[in-house]
**Student:** 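This is the structure, below, for whatever I ask next.
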Amino acid sequence: MSARPLPGRDLAAAIRTDTAERAAELAAAGRPPKLAVVTATADESSAWYVRSIVTAAGKAGIACEVVDLGPEAPAAEIRERLESLSADGQVSGIILQTPLPGGAKLEDLASAIVPAKDVDGANPLSLGRLAAGLPAFAPATAEAVVRILEHHGVELAGRHAVVVGRSTVVGKPAAHLLLDRHATVTVCHSRTADLPAVTSAGDILVAAVGRAGLITAEHVKPGAVVVDVGTNPTDDGGLVGDVDPAVAERAGALTPVPGGVGPVTTALLLWHTVRAVRE
């Protein structure tokens, strides 16, 4: 058995087309969307991601400002800039890129992003609304997980979904989004005892840890649908996921890296940005 591929490029293209049409309408109405990306890191995988956002924004007709504060930026400076952007009437969406400098915590700084502009769902208020089933921008990567599954016709209601990783960026919000679609959800983390025993019980397995090759064939139920959220840089400048390639011989379906969750995540960030203007 070889896993059916679940690429995200077609879905991302459809989202980008809709986003570009909405952006053009807004610009014509004198309300052009603008995205601000605040970064304070020298991490290469983060830089690659930011570059992909800038490129995609340009193609969609969305202005994108990268505010690079440097890897030594103090938390107070980052927060001040986020507050300034939140108050800027020309900015419709704000992203605080991770990782952050030592001593700076995402949950503390993200609270400076007003929820109406929090297009990556980082503000604890946004996460709380998501958990309560209230309108909010979900973290784009978490939303991309669910959108890919739905795009490829994967049934979620009544299925057992196992999420490996409990970050507020992916794991926890992905679990809430899956619950909203009536899946039964288990969340695993570094303290989970006998990880393969837990993950191999899942009909759907979401790997969102950031450790290359963590999920091997023994972690996967035969025929399960596996979503690989990992984007781990390699020495030759490429990207690999959290899922070992051998899983393709055991899973029923598998998202590729690159070309899976990543393109959909970027597309959703821009879609959220135009929605922020309209709403």
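Residue numbers count from 1 along this sequence. Here the structure is a predicted model, which means the values were calculated and not measured.
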**Student:** How close do Ala217 and Val247 get, heavy atom to heavy atom, and via which atoms?
**Tutor:** N-CG2, 3.7 Å
**Student:** Take a 6.0 Å sphere around CG of Asp108 and say whether it holds more than 12 heavy atoms from other residues, nucleotides or ligands.
**Tutor:**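 Enclosed: over 12 neighbouring heavy atoms sit under 6.0 Å from CG of Asp108.
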**Student:** Under the salt bridge (charged side-chain N to carboxylate O under 4.0 Å, His left out) rule, collect the residues that match up with Arg181, sequence neighbours excluded.
**Tutor:** Glu150
**Student:** Which residue pairs satisfy the salt bridge (charged side-chain N to carboxylate O under 4.0 Å, His left out) criterion with at least one member in residues 191-206, sequence neighbours excluded?
**Tutor:** Arg159-Asp203, Asp203-Lys221
**Student:** Minimum heavy-atom separation for Leu127 and Pro139, please, with both atom names.
**Tutor:**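 Looks like CD2-CG, 4.0 Å.
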**Student:** Once rounded to the nearest 0.5 Å, what's the spacing between atom CG of Leu125 and atom CD1 of Ile113?
**Tutor:** 11.5 Å
**Student:** Anything under 3.5 Å between a donor and an acceptor, one on a side chain of residues 52-61, the other on a protein residue two or more places apart or in another chain? List them.
**Tutor:**
residue: Ser52; atom: OG; partner: Tyr49; partner atom: O; Å: 2.6
residue: Thr55; atom: OG1; partner: Arg51; partner atom: O; Å: 3.1

**Student:** Checking Val38 against Leu82 for the side chain to side chain contact (heavy atoms under 4.5 Å, CB included) test, could you report, in this order, the C-alpha distance in whole Å, the side-chain angles of both residues, the deciding distance, and whether it holds?
**Tutor:** CA-CA 8 Å; Val38 178; Leu82 292 171; 3.8 Å; yes
**Student:** Any donor-acceptor pair under 3.5 Å linking the side chain of Thr192 with the backbone of His189?
**Tutor:** yes
**Student:** For the atom pair SG (Cys188) and NE2 (His219), what is the distance rounded to the nearest 0.5 Å?
**Tutor:** 9.0 Å
**Student:** Listed by chain and number, what are the side-chain contact (heavy atoms from CB on, under 4.5 Å) partners of Ser126, not counting sequence neighbours?
**Tutor:**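 Checked Ser126 against side-chain contact (heavy atoms from CB on, under 4.5 Å); matches are Pro115, Asp118, Asn123.
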**Student:** With ring-ring contact (aromatic ring centres under 6.0 Å, His included) as the rule and sequence neighbours excluded, what pairs involving residues 78-105 come up?
**Tutor:**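 Qualifying pairs: none.
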**Student:** Any side-chain to backbone donor/acceptor pair from Thr141 onto Val170? Under 3.5 Å, distance only.
**Tutor:**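 A pair under 3.5 Å: no.
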**Student:** Strictly distance-based, threshold 3.5 Å: is any side-chain N or O of Asp244 a donor or acceptor partner for the main-chain N or O of Ile215?
**Tutor:** no
**Student:** Excluding sequence neighbours, so at least two apart, what forms ring-ring contact (aromatic ring centres under 6.0 Å, His included) with His272?
**Tutor:**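 Per chain and number, His272 pairs via ring-ring contact (aromatic ring centres under 6.0 Å, His included) with Phe137.
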**Student:** Distance from Thr199 atom OG1 to Glu218 atom CD, nearest 0.5 Å?
**Tutor:**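 Nearest 0.5 Å value for the OG1-CD distance: 8.0 Å.
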**Student:** Which value, rounded to the nearest 0.5 Å, describes the distance between Arg81 atom CZ and Leu109 atom CG?
**Tutor:** 13.5 Å
**Student:** Do any N or O atoms from the side chain of His152 and from the backbone of Leu149 form a donor-acceptor pair under 3.5 angstrom?
**Tutor:**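 Checked: no pair found.
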**Student:** Using the rule that two of Ile, Leu, Val, Met, Phe, Trp, Tyr join whenever any of their side-chain heavy atoms come within less than 4.5 Å, decide whether Val277 and Val114 are in one cluster.
**Tutor:**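 Looking at the clustering, Val114 is in a separate group from Val277.
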**Student:** Could you pull out every donor-acceptor pair under 3.5 Å between side chains of residues 93-107 and any protein atom, sequence neighbours left out?
**Tutor:**
residue: Gln97; atom: NE2; partner: Ser46; partner atom: OG; Å: 3.3

**Student:** With a cut-off of 3.5 Å and sequence neighbours excluded, list every side-chain donor-acceptor pair involving residues 65-73.
**Tutor:**
residue: Glu65; atom: OE1; partner: Lys34; partner atom: NZ; Å: 3.3
residue: Asp68; atom: OD1; partner: Gly70; partner atom: N; Å: 3.0

**Student:** For Leu156 and Ile204, what are the C-alpha separation, side-chain angles and deciding distance, and is it a side chain to side chain contact (heavy atoms under 4.5 Å, CB included)?
**Tutor:** CA-CA 8 Å; Leu156 298 177; Ile204 299 165; 3.4 Å; yes
**Student:** Which atom pair, heavy atoms only, marks the closest approach of Gly230 to Val257?
**Tutor:** O-CG1, 3.5 Å
**Student:** Do Val226 and Val220 have side-chain heavy atoms sitting under 4.5 Å apart?
**Tutor:** yes
**Student:** Closest heavy-atom contact between Ala161 and Leu178?
**Tutor:** CB-CD1, 4.0 Å
**Student:** Please tell me whether Val145 and Leu254 are part of a single hydrophobic cluster in this structure, the criterion being side-chain heavy atoms less than 4.5 Å apart.
**Tutor:** no
**Student:** Determine whether Leu26 and Val274 satisfy the following criterion, side chain to side chain contact (heavy atoms under 4.5 Å, CB included), listing intermediate values before the conclusion.
**Tutor:** CA-CA 8 Å; Leu26 289 166; Val274 296; 4.1 Å; yes
**Student:** Verify, without hydrogens or angle tests, whether Arg211 (side chain) and Asp242 (backbone) share a donor-acceptor contact under 3.5 angstrom.
**Tutor:**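 Side chain of Arg211 to backbone of Asp242: no pair is present.
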**Student:** Can you sort out the partners of Ala174 under side-chain contact (heavy atoms from CB on, under 4.5 Å), two or more places apart, ordered by chain and number?
**Tutor:** Ala142
**Student:** So with a 6.0 Å cut-off around NE2 of His182, is the heavy-atom count from everything else above 12?
**Tutor:** no
**Student:** Are any side-chain N or O atoms of Thr255 and backbone N or O atoms of Asp228, one a donor and one an acceptor, separated by less than 3.5 Å?
**Tutor:**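 Such a contact is found between Thr255 side chain and Asp228 backbone.
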**Student:** Can a donor-acceptor pair be found between the side chains of Thr234 and Asp236 at a distance below 3.5 Å?
**Tutor:**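 Present: a donor and an acceptor within the cut-off.
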**Student:** With sequence neighbours excluded, tell me which residues meet salt bridge (charged side-chain N to carboxylate O under 4.0 Å, His left out) with Arg147.
**Tutor:**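 Arg147: salt bridge (charged side-chain N to carboxylate O under 4.0 Å, His left out) contacts with Glu143.
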**Student:** Under 3.5 Å, is there a donor-acceptor pair between the side chain of Thr265 and the main chain of Val261?
**Tutor:**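 Side chain of Thr265 to backbone of Val261: a pair is present.
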**Student:** For Val162 and Val198, work out which heavy atoms get closest and say how close.
**Tutor:** CG2-O, 3.9 Å
**Student:** In Å, rounded to the nearest 0.5 Å, how long is the span from CD1 of Ile62 to SG of Cys64?
**Tutor:**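 Rounded to the nearest 0.5 Å, the CD1-SG separation comes to 8.5 Å.
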**Student:** Glu83: what forms a side chain to side chain donor-acceptor pair (under 3.5 Å) with it, not counting sequence neighbours?
**Tutor:**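 For Glu83 the side chain to side chain donor-acceptor pair (under 3.5 Å) partners, ignoring immediate neighbours, are Arg79.
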**Student:** Any chance you could measure Lys117, atom NZ, to Thr273, atom OG1, to the nearest 0.5 Å?
**Tutor:**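 Lys117 atom NZ to Thr273 atom OG1 measures 11.5 Å (nearest 0.5 Å).
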**Student:** Going by atom type alone, with no hydrogens or angles, which donor-acceptor pairs under 3.5 Å involve a side-chain atom of residues 12-24 and a protein atom two or more places apart or on another chain?
**Tutor:**
residue: Thr17; atom: OG1; partner: Ala13; partner atom: O; Å: 3.0
residue: Asp18; atom: OD1; partner: Arg22; partner atom: NE; Å: 3.4
residue: Asp18; atom: OD2; partner: Arg22; partner atom: NE; Å: 3.1
residue: Asp18; atom: OD2; partner: Trp271; partner atom: NE1; Å: 3.1
residue: Thr19; atom: OG1; partner: Ile15; partner atom: O; Å: 2.8

**Student:** Do Val229 and Leu195 land in one hydrophobic cluster if side-chain heavy atoms of ILVMFWY residues count as linked below 4.5 Å?
**Tutor:**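 As far as the 4.5 Å side-chain criterion goes, Leu195 and Val229 are not connected within one cluster.
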**Student:** Taking all heavy atoms of Asp120 and all of Ala140, pick out the closest pair and write down the distance.
**Tutor:** OD1-N, 2.8 Å
